[in-house]
Structure formats: C-alpha cells, structure tokens
Amino acid sequence: MRRLLLTMAVLGGLGLAGAGAVVGLGLYNVSAQVGHLPGVSWVLHTTFRNSVRLRAPSMEDAPDLSDSDLIALGAGHYATACAMCHGTPATPRSATAQAMVPEPPAIAEAVEHWQPNELHWIVENGVKMTGMPAWPATGRGDEVWAVVAWLLAVQQNRAPVPPVDTSGADYCRTCHESPGGPVPRLDILAPAYIAAQLELYRTGSRPSGIMAQAASVVPRESFADLAAELGAKAADVAPDLPLTGEGAELASRGTRKVPACLSCHGDDRSKGPRLAGQPSPYLATQLRLWRDGTYTHDRLMVAAARDLSDADIEALSRYFGAQGE
C-alpha cells in the first residue's frame with residue numbers, strides 16, 4: 001500500500017510538473033488557426049448541452065412568446081448585439097465570425113435543437129470559452145424573453161427581419177414608434193427625462209440589457225438631440241385620469257415621507273415621467289423592478305414601490321395605462 005501511494009504521489013507530481021511546463025513555458029498553442037485536439041470539441045459541446053439542460057429555468061414565468069410586439073423587440077436587440085456573429089436568416093455571417101474557434105453557428109442552426117427555456121439560459125448567461133457573452137444587465141431575465149421570442153420565430157421560419165439602420169432615432173423607433181406591452185411610449189415623455197434615462201442606461205445605474213446595448217451604439221454627446229427628436233410631443237396636454245376606483249385610490253395615497261404617485265406623475269410632469277398613456281404591461285414590469293430591488297437609482301421610487309403587492313401593481317398599471325388603450 002505504501003508503494004502504491006508513493007507511485008501515485010510521483011505520478012501526480014509529474015502531472016503537475018507537466019501542466020506547469022505547459023502553462024509557464026507556453027507549450028500549448030493557443031492559435032485559433034490550429035483548433036482543438038481530436039475529441040476536445042466533442043467533450044466541450046457535450047458538456048455545454050448537458051449543462052444548459054440541467055440549469056434551464058422553468059417556463060412558468062415565460063410571457064406569450066408568440067406576441068408580435070415581444071418578437072419585434074427581440075429583433076431590434078438582435079440587430080446590434082448578436083447579428084455580427086450569427087448573421088440573420090437573410091444575411092450570412094461575416095468571414096471574421098466564421099474564422100472564430102469555436103465558430104459561432106448561423107442563427108438558424110444555432111437555435112435548431114433548443115427549447116425556449118434553454119435558449120433563455122444561454123442568452124442570459126452566455127457560454128464560457130466560446131465568445132458568447134452574458135446578458136449585459138444582471139437581474140433582467142424578463143428582458144431576455146424578447147430575444148427568445150424572436151429566436152423561436154426563427155425556428156418556425158416566421159421571424160421578422162431585424163432592422164438594418166441601427167443608428168439614431170430611426171433605430172429607436174423600430175421599438176418605440178408603435179409601442180406594445182414591453183416598451184414605453186417616448187412621444188409623451190419630456191426630452192430632458194429621456195436624455196437622463198439614456199445616461200442611466202449607459203452607466204448601468206438603471207439596469208437593462210436591451211437599453212444598455214441601444215445606448216452604447218449612440219454617441220453620448222448626441223443624447224440630448226436624440227431625446228429632443230423622440231420626445232417632441234411631450235408638451236401635449238396629459239389626459240384626465242379617473243378620480244375614483246381602486247387604481248385612483250392607490251395613485252392618490254401618500255405619506256409624509258413618500259408622496260402619492262399623482263404628485264409626481266400627474267399633471268405636473270416636471271417631477272417625474274408621464275405615466276398616463278403608457279402600456280399597462282410595461283408599467284407593471286417597471287413597478288416590479290422597483291419593488292423587488294432591481295432598480296435602486298431613485299430613493300423615492302424605491303420607498304414608494306417597496307410595499308406594493310402584485311394586486312396593487314396590476315391596479316396601478318391598469319389605471320395609468322388605460323389612457324393609452
């Protein structure tokens with residue numbers, strides 16, 4: 001037994017010495033032109049597939065992935081964040097992308113054998129040693145479903161073409177000009193507020209993978225001009241909100257420390273963004289992000305949303321959102 005242990009110790013020492021030589025002397029060729037040793041790609045890919053299947057989230061909290069608004073939002077994000085490596089159903093990958101090791105597959109091939117929850121895990125977490133990045137904002141798995149919705153449309157050969165012009169206001173309008181549930185209307189927001197939010201998205205103070213990416217493709221010095229163009233109608237008179245009902249009562253309720261919703265988001269829009277007319281699903285998502293601690297960049301909103309129940313959030317989002325329906 002003693003001889004066996006000694007032999008194992010010697011072999012282990014030799015193995016460590018060999019590994020040290022490979023690392024310390026640069027003996028392993030890391031050139032992408034050489035590729036992996038035989039069998040390594042199979043081991044890595046099999047590990048990848050099994051790891052994703054083990055960790056993929058439940059589908060219980062998934063939204064309606066056939067929603068055209070959600071699919072369009074995913075297409076807009078894909079255009080600037082993903083197409084450079086995976087191409088689109090209508091455009092091939094670049095020669096540079098095809099020279100990567102491992103090679104990022106064309107998008108139709110990439111999504112072919114995955115379930116929606118597995119695609120969600122891959123997009124949110126990324127994959128080590130592949131060049132596939134994680135989602136740009138932590139705690140925003142809700143946003144990832146938009147990309148998944150577009151990827152499922154790719155699987156089913158019904159995906160809308162991602163926008164080609166990805167600069168300036170035209171790119172913003174691909175999601176915000178005819179907004180649905182996932183995104184806000186910009187035409188009723190003050191330009192100063194829009195510019196301030198772009199800066200928060202740029203720095204990550206307001207976490208959003210979609211908007212962090214969108215803000216990164218716009219020069220910071222053009223935020224004010226872009227906001228002025230997108231918020232040009234913000235001076236319009238806000239619609240009258242109902243004075244009675246559950247939502248009205250909640251929106252009018254405040255304390256000495258926490259003002260009522262309407263005191264900041266009512267007729268005087270200088271204190272906060274206009275909520276009347278925004279899509280109800282968007283408002284509900286934003287309130288949950290405040291309540292659950294994902295958003296922390298405004299102390300009054302943190303305090304105002306902290307104790308809201310799911311029922312409160314639904315009532316408030318319906319109250320403000322009814323004006324835009």
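Note that this is a predicted model, so its numbers are computed, not measured. This chain uses plain numbering: 1 for the first residue, then up along the sequence.
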Backbone of Ala110 reached by a side-chain donor or acceptor of Trp114 within 3.5 Å: yes
Nearest heavy atoms of Asp69 and Pro182, plus distance in Å: CB-CD, 4.0 Å
Whether Asn117 side chain and Pro57 backbone form a donor-acceptor pair below 3.5 Å: yes
Salt bridge (Lys or Arg N to Asp or Glu O under 4.0 Å) involving Arg173 - partner list, sequence neighbours excluded: Asp170, Glu229
Pair His77 + Trp135: ring centers closer than 6.0 Å: yes
Nearest atoms (heavy-atom pairs only) where Phe320 meets Leu283: CB-CD1, 3.6 Å
Single-linkage hydrophobic cluster, 4.5 Å side-chain cutoff, Val217 and Met211 together: yes
Tyr295 side chain to Gln286 side chain, donor-acceptor N/O pair below 3.5 angstrom: yes
Trp290 six-ring face occupied by Arg306 cation (under 6.0 Å, within 45°): no
For the student: nearest non-hydrogen atoms of Leu300 and Lys257, plus distance: CD2-O, 3.8 Å
Donor-acceptor under 3.5 Å (Glu118 side chain, Ala56 main chain): no
Straight-line distance of Leu186 CG to His176 NE2, nearest 0.5 Å: 4.5 Å
The single option from Leu230, Thr203, Leu226 passing side-chain contact (heavy atoms from CB on, under 4.5 Å) against Leu198: Leu226
Minimum side-chain heavy-atom gap Pro259-His265 below 4.5 Å: no
Over 12 non-hydrogen atoms of neighbours within 6.0 angstrom of CG in Asp61: no
Step-by-step side-chain contact (heavy atoms from CB on, under 4.5 Å) determination, Gln197 to Ser208: CA-CA 11 Å; Gln197 301 315 297; Ser208 168; over 6 Å; no
Value rounded to 0.5 Å, distance of CE in Met84 from OH in Tyr78: 9.5 Å
Asp187 backbone acceptor or donor facing Arg185 side chain under 3.5 Å: no
Transitive ILVMFWY side-chain link Leu275 to Leu250, under 4.5 Å: yes
Rounded distance (nearest 0.5 Å) linking atom CD1 of Ile210 with atom SG of Cys175: 7.0 Å
Ion pair check, Glu199 and Arg220, cut-off under 4.0 Å: yes
Under 3.5 Å donor-acceptor, Ser263 side chain and Ala260 backbone: yes
Atom pair CZ/CG of Arg274 and Leu189 - distance to nearest 0.5 Å: 8.5 Å
Side-chain donor-acceptor contact under 3.5 Å, Ser309 with Asp312: yes
Glu124 (side chain) donor-acceptor with Val144 (main chain) under 3.5 angstrom: no
Closest contact, heavy atoms only, Ser280 versus Ser317: OG-O, 3.0 Å
Validation row: Gln155, Leu119 side chains within 4.5 angstrom (heavy atoms): yes
Thr296 (side chain) donor-acceptor with Gly293 (main chain) under 3.5 angstrom: no
Thr294-Asp292 side chain donor-acceptor pair, cut-off 3.5 Å: no
Connected via hydrophobic side-chain network under 4.5 Å: Phe48 and Leu151: yes
Nearest-0.5 Å distance that lies between atom CZ in Arg49 and atom CG in Leu54: 14.0 Å
Close side-chain approach of Pro116 to Met59, heavy-atom, < 4.5 Å: yes
Heavy-atom pair of closest approach, residues Cys85 and Pro104: O-CG, 3.7 Å
Contact summary for Leu287 and Ala305, nearest pair of heavy atoms: O-CB, 4.1 Å
Ion pair Glu314/Arg288, N-O distance below 4.0 Å: yes
Hydrophobic cluster identity match, Val154 and Trp121, side-chain contacts under 4.5 Å: yes
Qualifying side-chain hydrogen bond (donor to acceptor under 3.5 Å, both in side chains) pairs with a residue from residues 83-101, counting only residues at least two apart or across chains: Thr88-Thr91, Arg93-Glu103
Full working for side-chain contact (heavy atoms from CB on, under 4.5 Å) between Gln278 and Ile188: CA-CA 9 Å; Gln278 295 289 6; Ile188 59 174; 3.8 Å; yes
Spacing of Thr138 atom OG1 and Asn125 atom CG [to the nearest 0.5 Å]: 11.5 Å
Verdict with reasoning, Val147 to His120, per side-chain contact (heavy atoms from CB on, under 4.5 Å): CA-CA 8 Å; Val147 178; His120 185 283; over 6 Å; no
side-chain contact (heavy atoms from CB on, under 4.5 Å) between Leu70 and Leu65, intermediate numbers included: CA-CA 7 Å; Leu70 194 66; Leu65 298 178; 4.1 Å; yes
Thr174 (side chain) donor-acceptor with Tyr171 (main chain) under 3.5 angstrom: yes
Co-membership, hydrophobic cluster, residues Val111 and Val161, 4.5 Å side-chain: no
More than 12 heavy atoms of other groups within 6.0 Å of Gln33 CD: no
